[in-house]
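Contents: one structure, followed by commentary.
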Number of protein chains: 2
Amino acid sequence: MENRLEKIKKQLHSSSYKLTPQREATVRVLLEHEEDHLSAEDVYLLVKEKAPEIGLATVYRTLELLTELKVVDKINFGDGVSRYDLRKEGATHFHHHLVCIECGSVEEIQEDLLEDVEKIVEERWHFIIKDHRLTFHGVCRNCQKKQNKLVKSEQSSVEK
Amino acid sequence: MENRLEKIKKQLHSSSYKLTPQREATVRVLLEHEEDHLSAEDVYLLVKEKAPEIGLATVYRTLELLTELKVVDKINFGDGVSRYDLRKEGATHFHHHLVCIECGSVEEIQEDLLEDVEKIVEERWHFIIKDHRLTFHGVCRNCQKKQNKLVKSEQSSVEK
DNA sequence: AATTATAATGATAATGATTATTAAATGATA
DNA sequence: TATCATTTAATAATCATTATCATTATAATT
Ligand SMILES: [Mn+2]
Ligand SMILES: [Mn+2]
Ligand SMILES: [Zn+2]
Ligand SMILES: [Zn+2]
């Protein structure tokens with residue numbers, strides 16, 4: 001974690017930005033919520049708990065900066081807010097997401113899986129791929145179980 | 001085109017909605033711009049040319065309705081507005097996009113390409129896939145050409 | 001056809017996320 | 001220390017989208 005922070009600090013410095021206390025607080029929140037998909041407002045509220053004097057605009061600016069530096073990826077799941085997702089250490093491509101249309105949960109896929117597809121696209125469309133966004137919409141494992149239970153209870157009530 | 005409109009009309013009816021003149025005008029604009037990725041405002045302005053009395057809220061409502069019926073897909077390329085993309089006739093999955101980070105152009109890929117990947121995801125993540133969003137970010141063919149020219153002219157000026 | 005109920009529309013106000021502005025604080029530099 | 005650039009907090013402005021509401025169109029019923 002401290003290690004991770006150090007690297008981000010260096011990344012900032014190499015683009016001649018400083019790791020101010022506000023930026024550090026923001027990065028820490030992101031590191032503590034690696035698995036989550038926080039909106040700017042979410043981040044703001046979490047940072048406030050530890051550094052109450054921070055302003056919302058600063059959080060927006062910091063997230064914007066981290067996006068530029070590819071420390072985070074900005075993503076939109078269609079709910080009206082941008083969400084910020086920390087890149088895994090050393091990852092060159094953005095990871096994938098499974099969004100459940102029943103409960104709204106978001107699961108991550110770290111595996112690439114797109115190597116073959118990207119090869120085809122580069123060859124056939126003559127497009128040089130730098131990054132990707134892949135989101136699957138469907139039914140998560142939990143919601144599948146719920147639906148199974150429902151179906152079974154309906155069957156048994158018919159049997160009566 | 002008229003054929004396509006008829007089918008959409010039937011889809012509306014089967015969910016007990018009517019194809020009002022405003023909705024028809026909106027659908028026609030979408031059909032006339034199949035390849036484009038129009039924002040609500042874009043659609044509004046185009047509809048206004050033919051049906052000047054239409055209101056912006058009606059366009060939003062119509063696009064919302066068409067999204068529900070899966071006639072169009074709502075997509076966000078990260079520029080602050082939702083864009084509406086007509087589904088190809090009979091397509092069950094949303095098509096893919098190539099977004100150029102140099103010029104902003106958007107190209108479409110109608111081929112599925114994800115069958116294998118989806119099979120893996122369904123098996124290994126126990127997630128039932130209903131739809132997907134796949135966007136590649138990179139450099140389009142045009143911009144590659146431009147960059148090549150640039151590199152060559154730089155080389156020749158060094159050679160002098 | 002007249003009446004009533006329902007759906008849809010247009011105008012516009014409200015909302016809410018994001019961006020711009022500005023004055024003050026901080027930090028580096030000479 | 002004086003000077004200049006960067007960053008910040010507060011807050012105003014912007015802009016896309018949604019909500020409200022009075023009016024109109026359409027369908028159903030008498
Ligand atoms: Mn993620
Ligand atoms: Mn498209
Ligand atoms: Zn679920
Ligand atoms: Zn391009």
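Given the structure is predicted, the values throughout are model-derived calculations rather than measurements. Order of the sequence lines fixes the chain letters, A, B, ..., with proteins taken first and strands second; residue numbering starts at 1 for each chain.
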query: Under 6.0 Å between ring centres, would you say that holds for B/Phe77 and B/His37?
result: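 Centroid distance B/Phe77-B/His37: below 6.0 Å, so yes.
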Nearest-Å distance for atom pair [atom1]/[atom2], residues [X] and [N]:
X       : N      : atom1 : atom2 : value
B/Arg61 : D/dA25 : CZ    : P     : 15 Å
B/Lys18 : D/dT24 : NZ    : P     : 17 Å
B/Glu64 : D/dA16 : CD    : C1'   : 14 Å
B/Leu38 : D/dT17 : CG    : P     : 13 Å
B/Ile54 : C/dA8  : CD1   : P     : 14 Å
A/Tyr44 : C/dA17 : OH    : P     : 13 Å
B/Asp79 : C/dA17 : CG    : P     : 19 Å

Does the side chain of [X] get closer than 4.0 angstrom to OP1 or OP2 of [N] through an N or O atom?
X       : N      : answer
B/Tyr60 : D/dT18 : no
B/Thr58 : C/dG10 : yes
A/Thr20 : D/dT8  : yes

query: Of the options A/His97, A/His33, A/Lys74, which is the one that meets A/Asp85 in a side chain to side chain donor-acceptor pair (under 3.5 Å)?
result: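 Single pass found, and it is A/His97.
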- prompt: Would you say B/Tyr17 has more than 12 foreign heavy atoms packed within less than 6.0 Å of its OH?
  reply: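 Atom OH in B/Tyr17 is not packed in, count stays at 12 or less.
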- prompt: Do B/Glu118 and B/His132 touch side chain to side chain, with heavy atoms closer than 4.5 Å?
  reply: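 They are in side-chain contact.
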- prompt: More 5' along DNA chain C: A/Ser82 or B/Thr62, using each one's nearest nucleotide?
  reply: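 The residue mapped nearer the 5' terminus is B/Thr62.
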